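Since we're looking at a predicted model, the values are computed, not measured. Chain letters run A, B, ... following the sequence lines, proteins first, then strands; residues in each count from 1. For the numbers below, each heavy atom of this structure counts, side chains included, while hydrogens, waters and symmetry mates do not.
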Protein chains: 2
Amino acid sequence: MKSKKRTTIYDIAEKLNIAPSSVSRALNNSSYVKESTKKLILQTAEELNYKMNSLASNLRKGQSKTIGVIVPRINQNFFANVIAGIEDASYKQGYNLIICQSNELYEKEVQCVNTLINQNVDCIVISISVETINYQHLKNILDHHIELIQFDRVADELETLKVINDTLQASYEAVNHLINQGYKRIALLEGPQSLNIFRQRKEGYLQALKKHNIPIIDELMLENAWTKELGAQATRQLLSLPNPPDAIFASTSDFSALGVLEVATAMNIKVPSQLGICGYSNEDFTEITSPSITTIDQFSVDMGKTIANLYFEEMNNSNVSATPKTISIKPKLITRSSTQRSAE
Amino acid sequence: MKSKKRTTIYDIAEKLNIAPSSVSRALNNSSYVKESTKKLILQTAEELNYKMNSLASNLRKGQSKTIGVIVPRINQNFFANVIAGIEDASYKQGYNLIICQSNELYEKEVQCVNTLINQNVDCIVISISVETINYQHLKNILDHHIELIQFDRVADELETLKVINDTLQASYEAVNHLINQGYKRIALLEGPQSLNIFRQRKEGYLQALKKHNIPIIDELMLENAWTKELGAQATRQLLSLPNPPDAIFASTSDFSALGVLEVATAMNIKVPSQLGICGYSNEDFTEITSPSITTIDQFSVDMGKTIANLYFEEMNNSNVSATPKTISIKPKLITRSSTQRSAE
DNA sequence: TAAATTTCGGCAATCGATTGCATTTTTTAA
DNA sequence: TTAAAAAATGCAATCGATTGCCGAAATTTA
């Protein structure tokens, strides 16, 4: 281990006075090598601290056993969990992960895609940035015969494998729950409508209202209430209306819901009796606020595992896969104090 | 883009009837190509949707422009933030990240290391698992001439680049703060002492007590209170002592501190007047519990950036780097309600 | 116009593992 | 004992980009 260069199969071959091809076969446990020589080779490899050079192997084999993942932010709970799930399932199959974050920037997303294509990844898993409305870079992935799996924030019009939450349904159930708890004027904090998930969450809200013949009031639907601060701001606006809402569905995130809760608390408005609050994502903290916040669990780690396994299945079914599969995971409404009216 | 194979420099060379070497030089913007042909080549590459094959390039160049990262869990706030920081800084230098999680398992950590060596990464960044007490796999990284950077949970005895928090100091300050707030019997929830960070947090606690001539009481120091549940359990034990503590420093994590708070609340013990609580890590939720929890911020994203930049510096200083550098980041005590006694 | 530079561009080896095909060795059958 | 079959091993090309070295073309100088 003193030498400057790492051990290669040639070193092993030379030492044992055999052909490199035999070494390669032995290391790959091919049946075309005598047991005795195989043992010898493995032993020598161990001695020389041989580590195979995946670059060479992958170059030759034309695959990289690597999955590229692009998310807006790595350190956002939902994405971190999905990545953890993907890693877990991939690792078991001997696959590695290359992770990129787009920082919600279209330009960077494109660059990430290019990098991953360069890296010869076998599959790219992506949740698009909020800025992304052009999908040429995604099509480019397909042109390069790389498997593409979209998750959560997907481009509907692109026919690729997809793993999503049944967002509309979850949203519908959440609003339905609010209605059942007796709330009559339910406001909606929307996310950027460029993203399909936020469109769906709005749609679920609308459908639930419609179902119960509750009028849809424009001034109760506020766009761009994505963060805690914006959620708080929107709440102030809503609560100062002549006819304020009695519940707020922060469909964008739990952070937004937290903003709502803080403003309500500051204004001395009782939650849930005077104001119901529902968030989205089941962040850790929703359980420990007072009152705890009703929210929706997305089973993010499972989602990650599902994504990876979808790829592995699809890979084995190398037959002309008919229609691009979409797997929908049903999220779960977690009802907590912020929407549990005592009098019911 | 219909063909089954991707465009290579040979395709471009053939189309323009020149040598592949010229194509390569043009793409790498070498000065040994006429401007006019360079332009032509670049244009043709664009037309053919050429993407370079990093595998081939890296194999030839003997480097991979890739950094491997091994953490216990990707979806743990602190690590997710560090990774985000590393990604950010690395991306700017044209480097990619391969991420692995050890799941706190020694065996898996070893496997991750081997995978990363196989992948020819240029650098491995690691925060060791709680099980890791043997460092042969880390030495193996060095034997393969791969730069090794340890962070946060480091093996002290290994001479490598390190990026750490000044844990001892932070812990000392936290306890000092508690003492200044008038707490007299301060309990300590410890993490596994196999990890140096937990040893240091304990040491900081001990030093602070010593400084103020406060006796060190064994029954106030509980090991293995790592999670919320264990923190809660430890708290019950502590509070049922004949002479219970009036403050608890959950040096393991904010989750543990949360467990403390929940038990205290359940037992109707007033925080901070009857019991002071201090956590560690500055998790999001510490700000929104009631009362909010005093804790220690580790500047995790910055830590990630520091790690990446340390590598790039070190790489440029290819001179025989004298002593393996250790960068220590000073964490910050965030004092909040859980330790702010009104009567002071 | 010839000689000396400088600039371009091509040839071919290289990185390390894999694999189709050929060859040698061993085993089995005749 | 020999031929045929099977098993083991070797040879050499390949994956795609890079680069040292050399020759050709273009430019400058004498």
Side-chain angles (χ1 to χ4, degrees), chain A residues 3-42 44-45 48-66 94 117-122 144-145, chain B residues 3-42 44-45 48-66 94 117-122 144-145:
Chain A
S3 87
K4 197 74 201 174
K5 305 178 62 338
R6 40 194 282 178
T7 309
T8 71
I9 54 170
Y10 296 96
D11 300 324
I12 299 177
E14 194 174 11
K15 176 153 186 187
L16 295 178
N17 210 19
I18 57 178
S21 48
S22 293
V23 177
S24 172
R25 282 191 262 260
L27 292 170
N28 288 294
N29 204 20
S30 152
S31 55
Y32 290 98
V33 187
K34 213 194 305 174
E35 271 307 321
S36 58
T37 45
K38 191 184 289 185
K39 196 150 294 172
L40 198 60
I41 290 171
L42 257 35
T44 310
L48 298 179
N49 197 9
Y50 168 80
K51 290 278 185 300
M52 92 138 161
N53 186 329
S54 301
L55 291 180
S57 171
N58 294 335
L59 172 61
R60 175 61 224 252
K61 295 202 283 197
Q63 49 136 237
S64 62
K65 286 225 168 199
T66 297
I117 295 177
N118 286 351
Q119 291 288 331
N120 256 27
V121 297
D122 296 340
H144 282 271
H145 309 103
Chain B
S3 88
K4 197 73 202 176
K5 305 179 57 339
R6 42 193 282 178
T7 310
T8 70
I9 54 170
Y10 296 96
D11 300 324
I12 299 176
E14 194 174 14
K15 176 151 187 192
L16 295 178
N17 210 21
I18 56 177
S21 46
S22 295
V23 177
S24 171
R25 283 192 260 259
L27 293 170
N28 287 295
N29 204 22
S30 150
S31 56
Y32 291 97
V33 187
K34 214 194 304 176
E35 270 308 320
S36 59
T37 44
K38 190 185 287 186
K39 197 149 291 172
L40 198 60
I41 290 171
L42 257 33
T44 310
L48 297 179
N49 197 9
Y50 169 80
K51 290 278 185 300
M52 91 138 161
N53 186 330
S54 300
L55 291 182
S57 172
N58 293 337
L59 172 60
R60 177 60 224 255
K61 295 202 282 195
Q63 49 135 236
S64 62
K65 287 224 166 200
T66 297
I117 294 178
N118 286 350
Q119 291 287 333
N120 256 28
V121 296
D122 296 340
H144 282 270
H145 308 103

* To do: Mind checking side-chain contact (heavy atoms from CB on, under 4.5 Å) for A:Arg60 and listing every partner two or more places apart, or none if nothing turns up?
  => none
* **Which residues share a side-chain contact (heavy atoms from CB on, under 4.5 Å) with B:Lys39, sequence neighbours left out** =>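 Per chain and number, B:Lys39 pairs via side-chain contact (heavy atoms from CB on, under 4.5 Å) with no residue.
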Show the nearest heavy-atom pair for residues [X] and [Y], with the distance to one decimal.
X       : Y       : answer
B:Pro20 : B:Ala13 : N-CB, 3.6 Å
A:Ser57 : A:Met52 : CB-SD, 4.0 Å
B:Ala26 : B:Val33 : N-CG2, 3.9 Å

* To do: Could you check whether B:Asn58 gets within reach of a base, just the sugar-phosphate, or nothing at all, counting any heavy atom under 4.0 Å?
  =>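 It contacts nothing in the nucleic acid.
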* Indicate, with a heavy-atom threshold strictly under 4.0 Å, whether B:Thr37 touches base, sugar-phosphate, or nothing. => sugar-phosphate
Any side-chain heavy atom of [X] sitting closer than 4.5 Å to one from [Y]?
X        : Y       : answer
A:Arg25  : A:Ile41 : no
B:Thr8   : B:Arg6  : no
B:Ile18  : B:Thr37 : no
A:Asn120 : A:Thr66 : no

* Can you establish whether the number of heavy atoms outside B:Glu14 located under 6.0 Å from its atom CD is more than 12? => no
* To do: Considering only heavy atoms of chain A and a distance under 4.0 Å, specify the first and last nucleotide of DNA chain D in 5' to 3' order that meet this criterion.
  => D:dA8 to D:dG16
* To do: Among A:Asp11, A:Leu27, A:Thr44, A:Leu42, find the one that has a side-chain contact (heavy atoms from CB on, under 4.5 Å) with A:Tyr50.
  => A:Leu27
* Tell me: NZ of B:Lys39 to P of C:dC8, nearest whole Å? ->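 About 13 Å, once rounded to whole Å.
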* Asked: To the nearest angstrom, how far is B:Asn17 atom CG from C:dG9 atom P?
  ->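 Taking atom P of C:dG9 as the reference, CG of B:Asn17 is at 13 Å.
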* Yes or no on side chain to side chain contact (heavy atoms under 4.5 Å, CB included) for B:Asn29 and B:Lys38, after CA distance, side-chain angles and deciding distance? -> CA-CA 8 Å; B:Asn29 204 22; B:Lys38 190 185 287 186; 3.0 Å; yes
* Divergence of helical axes at both termini of the helix from C:dT1-D:dA30 to C:dA30-D:dT1 - five pairs an end, 10° steps -> 40°
* Asked: Looking at DNA chain C, which of residues 18-25 of chain B put a heavy atom within less than 4.0 Å of it?
  ->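 Heavy-atom contacts with DNA chain C come from B:Ile18, B:Ala19, B:Ser21, B:Ser22, B:Arg25.
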* Using heavy atoms to find the nearest nucleotide of DNA chain C for A:Thr8 and B:Tyr10 separately, return the residue whose nucleotide is more 5′. =>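 Looking at DNA chain C, the more 5' nearest nucleotide goes with B:Tyr10.
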Please list each protein N or O that sits under 3.5 Å from an N or O in nucleotides 24-29 of chain C, with the distance.
none

* Any donor-acceptor N/O pair, A:Ser54 side chain to B:Asn118 backbone, under 3.5 Å ->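 Yes, the answer is positive, given that a donor and an acceptor are paired below the 3.5 Å cut-off.
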